[in-house]
Protein chains: 2
Amino acid sequence: MTISSEQLARRGHTTAAQVRKDLSHFGSFGKRGLGYGVDELRDRLRIILGLDRVWPVILVGAGRIGSALFEYPDFKKRGYDCVAIVDTDPEKIGEKWGERVIQPAEELESLIKELRATLVILAVPASAAQLVAERSVNAGVRGILNFAPVQIQVPEGIPVENVNLVMELEALSFQITRALTTVKHRPPEGR
Amino acid sequence: MTISSEQLARRGHTTAAQVRKDLSHFGSFGKRGLGYGVDELRDRLRIILGLDRVWPVILVGAGRIGSALFEYPDFKKRGYDCVAIVDTDPEKIGEKWGERVIQPAEELESLIKELRATLVILAVPASAAQLVAERSVNAGVRGILNFAPVQIQVPEGIPVENVNLVMELEALSFQITRALTTVKHRPPEGR
DNA sequence: GCATGTGAATAGGTTCACAGCC
DNA sequence: GGCTGTGAACCTATTCACATGC
């Protein structure tokens with residue numbers, strides 16, 4: 001089974017040249033005249049993305065966002081293993097989510113170390129995010145997925161990905177507003 | 001109260017020159033020798049982002065992601081008004097979330113038209129996302145925030161923002177993996 | 001004097017177009 | 001013949017550096 005850069009481009013809303021350039025950056029694993037072997041491509045990308053191993057993740061914050069994430073269907077399938085959940089709320093501590101029992105937030109550092117967690121998901125209020133991030137990094141975490149609507153400060157070399165609902169909506173309102181303000185289809189100039 | 005491009009840059013993890021260039025793209029509203037008036041800057045950005053009006057939003061899917069979004073604290077504050085919630089699950093239809101009653105998904109088109117909704121949030125399974133998107137656009141929606149882990153196809157001119165937990169985690173694993181593979185601090189060459 | 005706003009210089013990313021290989 | 005891989009051309013974005021105006 002094989003797929004061409006052209007077909008990949010259509011699926012990803014991009015161009016064939018772009019697909020080829022991007023892939024070539026990591027080596028050349030297509031077959032000229034044929035395309036890319038789907039299985040080989042999948043396996044190569046798995047390795048490039050670091051998905052050829054299991055990443056132990058700790059979820060901080062057992063609120064609604066936390067539970068939505070925990071239930072996310074592909075989470076485990078894609079190589080991420082939620083090894084612990086912590087929260088500050090005494091009401092929630094001890095509660096069982098699937099296999100996992102919600103633990104007190106004070107345990108964060110020891111859990112990170114014991115379970116060798118490499119990633120944390122911050123599903124906490126904005127006011128708590130910075131402190132939790134610092135504690136996590138000090139305990140040895142290598143990357144942070146931040147759902148709190150604040151820009152957290154971490155040492156260089158620790159990647160942070162931010163997900164912020166309001167900013168996504170703002171991106172939409174901006175584009176819609178701009179479309180209204182701008183000439184619809186600036187005609188190709190001349191001739 | 002005034003703030004300099006330098007200060008803004010530090011907060012946004014960027015550079016002063018970048019901040020100035022970006023803002024200058026929309027006009028020049030700083031004071032030389034002083035910086036930017038915080039209030040004026042806020043107001044200008046509100047207008048640029050289209051936040052000087054209320055955007056009626058319909059939430060499609062009353063599962064965990066949907067409820068997390070609905071509870072999101074800044075949602076309303078920032079000018080987004082969730083005017084309706086729909087779901088296909090008969091168990092959920094009729095349930096009350098705050099002021100709103102969950103409505104049957106068949107009503108989607110009529111709700112969009114009646115309530116003049118401009119944005120929809122797709123918090124539905126991947127298998128349903130494309131159809132819901134098409135129905136929404138046909139009914140007049142102007143932008144889509146998609147939480148389903150599929151790339152949806154929409155007519156040109158309809159902005160779509162995607163939020164995909166697994167892809168965010170993959171971005172982290174990629175960066176961590178690459179840091180391990182790459183020279184830590186390629187020394188400045190020469191001398 | 002100080003920080004903006006902006007051309008000029010630079011770097012980075014995308015598209016073109018075609019040689020190379022299946 | 002068909003599609004990849006890749007230099008070269010092109011285009012866009014970032015950085016520099018300084019004239020401008022408070």
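Quantities reported herein were computed from a predicted structural model and do not represent experimental measurements. Each chain gets a letter, A, B and so on, in the order its sequence line appears, and its residues count up from 1.
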**Student:** Within residues 9-18 of chain A, which residues have any heavy atom lying less than 4.0 Å from an atom of DNA chain D?
**Tutor:** none
**Student:** Could you tell me from which nucleotide to which nucleotide of DNA chain D, 5' to 3', there is an atom under 4.0 Å from chain B heavy atoms?
**Tutor:**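 So the outermost contacting nucleotides come out as D/dT14 to D/dC22.
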**Student:** Tell me which one of B/R20, B/Q18, B/H25 satisfies side-chain hydrogen bond (donor to acceptor under 3.5 Å, both in side chains) with B/D22.
**Tutor:** B/Q18
**Student:** Taking only residues at least two apart or on different chains, which pairs with a member in residues 27-37 of chain A satisfy side chain to side chain donor-acceptor pair (under 3.5 Å)?
**Tutor:** A/K31-A/E40
**Student:** Kindly state which residues belonging to residues 37-48 of chain A come within less than 4.0 angstrom of DNA chain C, counting heavy atoms of the residue only, listed by number.
**Tutor:**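 Heavy-atom cutoff 4.0 Å gives no residues at all.
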**Student:** Sequence neighbours left out, what pairs pass ring pair (Phe, Tyr, Trp, His ring centres under 6.0 Å) with at least one residue falling in residues 156-180 of chain A?
**Tutor:**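 Qualifying pairs: none.
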**Student:** Atom CZ of B/F29 and atom P of C/dT6: how far apart are they, to the nearest Å?
**Tutor:**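 Result: 11 Å.
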**Student:** With a 4.5 Å cut-off on side-chain heavy atoms, are A/I121 and A/I58 touching?
**Tutor:** no
**Student:** Whole angstroms only, please: what is the CD1-P distance between B/I3 and C/dC2?
**Tutor:**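 These atoms are roughly 19 Å apart.
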**Student:** Tabulate below the donor-acceptor pairs under 3.5 Å that side-chain atoms of residues 138-147 of chain A make, not counting sequence neighbours, or state none.
**Tutor:**
unit_1 : atom_1 : unit_2 : atom_2 : d
A/N138 : ND2    : A/E134 : O      : 3.3
A/N146 : OD1    : A/A148 : N      : 2.9
A/N146 : ND2    : A/A148 : O      : 3.2
A/N146 : ND2    : A/V150 : O      : 3.0
A/N146 : ND2    : A/N162 : OD1    : 2.9

**Student:** Write out all pairs satisfying salt bridge (Lys or Arg N to Asp or Glu O under 4.0 Å) with one or both partners inside residues 111-125 of chain B, taking only residues at least two apart or from two chains.
**Tutor:** none
**Student:** Send over the distance from B/L23 CG to C/dT4 P, rounded to a whole Å.
**Tutor:**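 Those two atoms, CG and P, are 9 Å apart.
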**Student:** Any donor-acceptor pair, under 3.5 Å, between the side chain of A/K21 and the base of C/dT15, if you only look at N and O atoms?
**Tutor:** yes
**Student:** Can you pull out every side chain to side chain donor-acceptor pair (under 3.5 Å) where at least one residue sits in residues 99-110 of chain B? Sequence neighbours excluded, please.
**Tutor:** B/E107-B/S110, B/E109-B/R135
**Student:** Tabulate atom names and distances for all N/O pairs under 3.5 angstrom spanning the protein and nucleotides 18-22 of chain C.
**Tutor:**
unit_1 : atom_1 : unit_2 : atom_2 : d
C/dG20 : N3     : A/R32  : NH1    : 3.1
C/dC22 : O4'    : A/R32  : O      : 3.3

**Student:** List for me each residue that meets side-chain contact (heavy atoms from CB on, under 4.5 Å) alongside A/T88, sequence neighbours excluded, and say none if there are none.
**Tutor:** A/A105
**Student:** Do any pairs count as a ring pair (Phe, Tyr, Trp, His ring centres under 6.0 Å) and have a residue in residues 87-126 of chain A, sequence neighbours left out, and if so which ones?
**Tutor:**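 Pairs touching residues 87-126 of chain A that pass the test: A/F70-A/W97.
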**Student:** Using only atom types and a distance under 3.5 Å, with no angle test, would you say the side chain of A/E71 pairs donor to acceptor with the backbone of A/A68?
**Tutor:**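 Side chain of A/E71 to backbone of A/A68: no pair is present.
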**Student:** Let me check something: any side-chain donor-acceptor pairs from residues 73-85 of chain A under 3.5 Å, sequence neighbours excluded? List them with distances.
**Tutor:**
unit_1 : atom_1 : unit_2 : atom_2 : d
A/R78  : NH1    : B/E170 : OE2    : 2.7
A/Y80  : OH     : B/L169 : O      : 3.2
A/Y80  : OH     : B/E170 : N      : 3.2
A/Y80  : OH     : B/S173 : OG     : 2.4

**Student:** Applying a strict under-4.5 Å side-chain criterion to I, L, V, M, F, W and Y, I'd like to know whether B/L119 and B/I48 cluster together.
**Tutor:** yes
**Student:** Rounded to the nearest Å, what distance is computed from the CD atom of residue A/E6 to the C1' atom of nucleotide C/dT15?
**Tutor:** 14 Å
**Student:** Sub-3.5 Å donor-acceptor pair from the side chain of B/D87 to the main-chain atoms of B/K92, do we have one?
**Tutor:**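 Checked: no pair found.
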